[in-house]
Amino acid sequence: MREIRPGVWEFVATTGRSLDGRPERAYRTVAAGSTDAAARELFAFVTEVRSTGPAPRKDLRDLTMDDAVALFLEEHLAGEKGREERTITDYRRLHARWFTPLLGRRRVRDIDEAMIDRAFGRMRAAGLSRSRLNHAKSLYAPFFRWAKSRRIITRNPMAEFRLPTSTYVSKERMPPEVHELSLLLTEAVAAAPEVAPLLALGAVTGMRRGELVGLRRSRIRWGEQRLLVDTAVSGKGLKSTKTRKALSLSVDDATLAMLRRHCNEVDERAALVGVSPDPDPFVFTLSLDGSEPIAADFVTKRVAVLKERLGIEDKKPDTITREDEALRLFRQEATDRPVGMTGPAPKGGMSHREIGAALGRSERWAAFAIASAERREAAGRRGLSLAFDGSILALRKFTSSELLDAGLNVSMVAQRQGHGPQVLVKHYAKARRSSDRKAAEHLGRLIHEGRLSSDPS
């Protein structure tokens with residue numbers, strides 16, 4: 001123990017030998033107003049470092065944040081905890097985007113509370129929502145506990161961490177009303193028939209996207225009028241459901257009839273080209289034999305087209321502005337063809353390649369942007385003025401909200417949706433405009449027509 005400057009002391013404690021046999025020492029600098037106070041701090045320091053066991057190997061002790069997080073994700077979360085690959089990928093992207101620039105090259109044992117605060121403060125300054133901040137906390141809080149258990153660090157810099165207040169202002173998008181959902185499904189039959197039956201089943205059952213695309217015909221209990229939901233698609237593979245529990249869902253006659261018609265159409269398509277069906281085909285598939293499920297991303301893209309046709313796409317204003325500009329450039333007067341140039345006549349004032357170059361994007365982006373702007377323009381001409389959430393997740397929220405509004409038991413609805421009542425109420429049961437109107441009318445009748453209606457003046 002030595003005083004390096006007034007009120008600041010440096011401690012050195014021998015911790016024994018590391019796992020590779022080398023003698024190890026630990027160092028710490030503390031503030032103490034007197035020799036007695038410094039001695040008490042030294043005693044606590046020695047007790048702490050000697051209770052942590054042998055020091056780690058040097059290669060672990062000097063791990064950088066980038067290397068340690070990669071080891072944590074692969075060894076601990078994936079290998080020991082069995083987390084899904086999608087979860088690991090999300091964490092890896094989060095670390096690379098927000099923490100690598102500030103902390104990636106620093107050793108884990110050099111990270112302190114102030115550095116953690118600065119990293120989260122950077123996310124807050126960028127306007128990220130509280131859920132995104134909490135997502136980062138759900139990575140680094142267990143990461144530092146893991147690092148301490150592996151003797152990589154002796155102190156957890158997130159032991160007393162508190163999330164900063166987010167500046168993000170969320171925009172709540174309500175799930176559809178019954179008539180809005182009917183419009184969405186009707187539009188799907190006309191514009192995206194490949195996914196229309198899937199969307200209808202999602203609205204009836206509240207199944208997640210991965211569960212819908214992962215449904216096999218053997219899981220349809222035709223005689224019992226039930227669906228067994230025990231698998232889901234994740235990437236290109238199959239996994240258990242999100243809650244790792246199998247669900248048995250009752251379905252109505254009309255839904256079963258829809259599924260039977262859909263399966264018959266798939267079988268007729270296979271027979272037409274002479275393909276033998278898979279022994280247990282997927283219900284929703286684009287493959288002729290039904291051996292592969294329809295891709296989840298394909299479903300999402302088709303739903304995005306539906307949302308544009310209804311004018312309810314959820315895009316940032318600058319994205320819409322760029323797409324509209326791409327359409328304007330495309331509709332300019334076509335320039336004269338250079339002498340000697342062959343090929344088809346230009347379809348617009350500028351080609352997709354030229355539009356992409358002018359807006360700093362690719363030729364492929366320009367083609368999709370023009371199509372999106374045209375669908376949005378067509379929705380405006382149809383006089384549609386809709387503002388509901390038309391995503392696949394919104395179908396699940398619609399199911400929960402509709403069942404609760406109908407007065408069904410909360411526990412039963414939660415069980416059918418595959419999670420607990422608290423999660424149901426917090427994330428899926430949304431107060432739609434119709435429910436808000438019913439509440440207003442009830443209170444109005446109570447105040448103005450009931451026994452409280454006497455004039456207070």
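Excluded from the calculations below are hydrogen atoms, water molecules and symmetry mates; all remaining heavy atoms, backbone and side chain alike, are included. The structure presented is a predicted model; accordingly, all values stated were derived computationally and were not measured.
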Point to revise | Test salt bridge (charged side-chain N to carboxylate O under 4.0 Å, His left out) applied to R145 - qualifying residues, sequence neighbours left out | key: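 Residues passing salt bridge (charged side-chain N to carboxylate O under 4.0 Å, His left out) with R145: none at all.
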Practice item. Applying side-chain contact (heavy atoms from CB on, under 4.5 Å), run through L329 and I370 and close with a yes or a no. Key: CA-CA 9 Å; L329 294 174; I370 292 169; over 6 Å; no
Heavy-atom closest pair, residues [X] and [Y]:
X    : Y    : value
A373 : E323 : CB-O, 3.6 Å
S400 : Q417 : OG-NE2, 2.8 Å
R217 : C263 : NH2-O, 3.4 Å
P293 : V233 : CG-CG2, 3.9 Å
S250 : R416 : O-NH2, 2.9 Å
P421 : V410 : CB-CG1, 4.1 Å

Could you tell me whether the side chain of [X] and the main chain of [Y] form a donor-acceptor pair under 3.5 Å?
X    : Y    : result
S234 : G237 : no
D280 : S218 : yes
S182 : V178 : no

Between [X] and [Y] (salt bridge meaning N to carboxylate O under 4.0 Å), is one present in this structure?
X    : Y    : answer
R219 : E211 : no
E84  : K242 : no
R269 : E265 : no
K307 : D314 : no
E325 : R361 : no

Check your understanding: Are more than 12 heavy atoms from other residues, nucleotides or ligands located less than 6.0 Å from atom CZ of F161?
Key ->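 Enclosed: over 12 neighbouring heavy atoms sit under 6.0 Å from CZ of F161.
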Review point. Going through the distances and angles, do D389 and S391 end up as a side chain to side chain donor-acceptor pair (under 3.5 Å)?
Key: CA-CA 6 Å; D389 183 2; S391 66; 3.0 Å; yes
Exercise for review: Before giving the answer on side-chain contact (heavy atoms from CB on, under 4.5 Å), spell out for E74 and I88 the whole-Å C-alpha distance, their side-chain angles and the decisive distance to 0.1 Å.
Suggested key: CA-CA 8 Å; E74 294 299 327; I88 303 300; 4.1 Å; yes
Review point. Taking it one step at a time, do F99 and L139 satisfy side-chain contact (heavy atoms from CB on, under 4.5 Å)?
Key: CA-CA 11 Å; F99 288 80; L139 166 61; over 6 Å; no
Less than 4.5 Å apart, side chain to side chain, heavy atoms only: is that true for [X] and [Y]?
X    : Y    : answer
F144 : V108 : yes
L77  : T87  : no
I294 : F282 : no
D252 : V204 : yes

Review point. Can you list the residues that meet the side-chain hydrogen bond (donor to acceptor under 3.5 Å, both in side chains) rule with E80, with sequence neighbours excluded?
Key: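 With sequence neighbours excluded, E80 shows a side-chain hydrogen bond (donor to acceptor under 3.5 Å, both in side chains) to H76, R150, given in chain and number order.
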Point to revise | M207 and L249: CA distance, side-chain angles, deciding distance, side-chain contact (heavy atoms from CB on, under 4.5 Å) verdict | key: CA-CA 10 Å; M207 292 167 62; L249 301 176; 4.0 Å; yes
Check your understanding: Going through the distances and angles, do S248 and R226 end up as a side chain to side chain donor-acceptor pair (under 3.5 Å)?
Key -> CA-CA 6 Å; S248 180; R226 304 188 72 83; 2.7 Å; yes
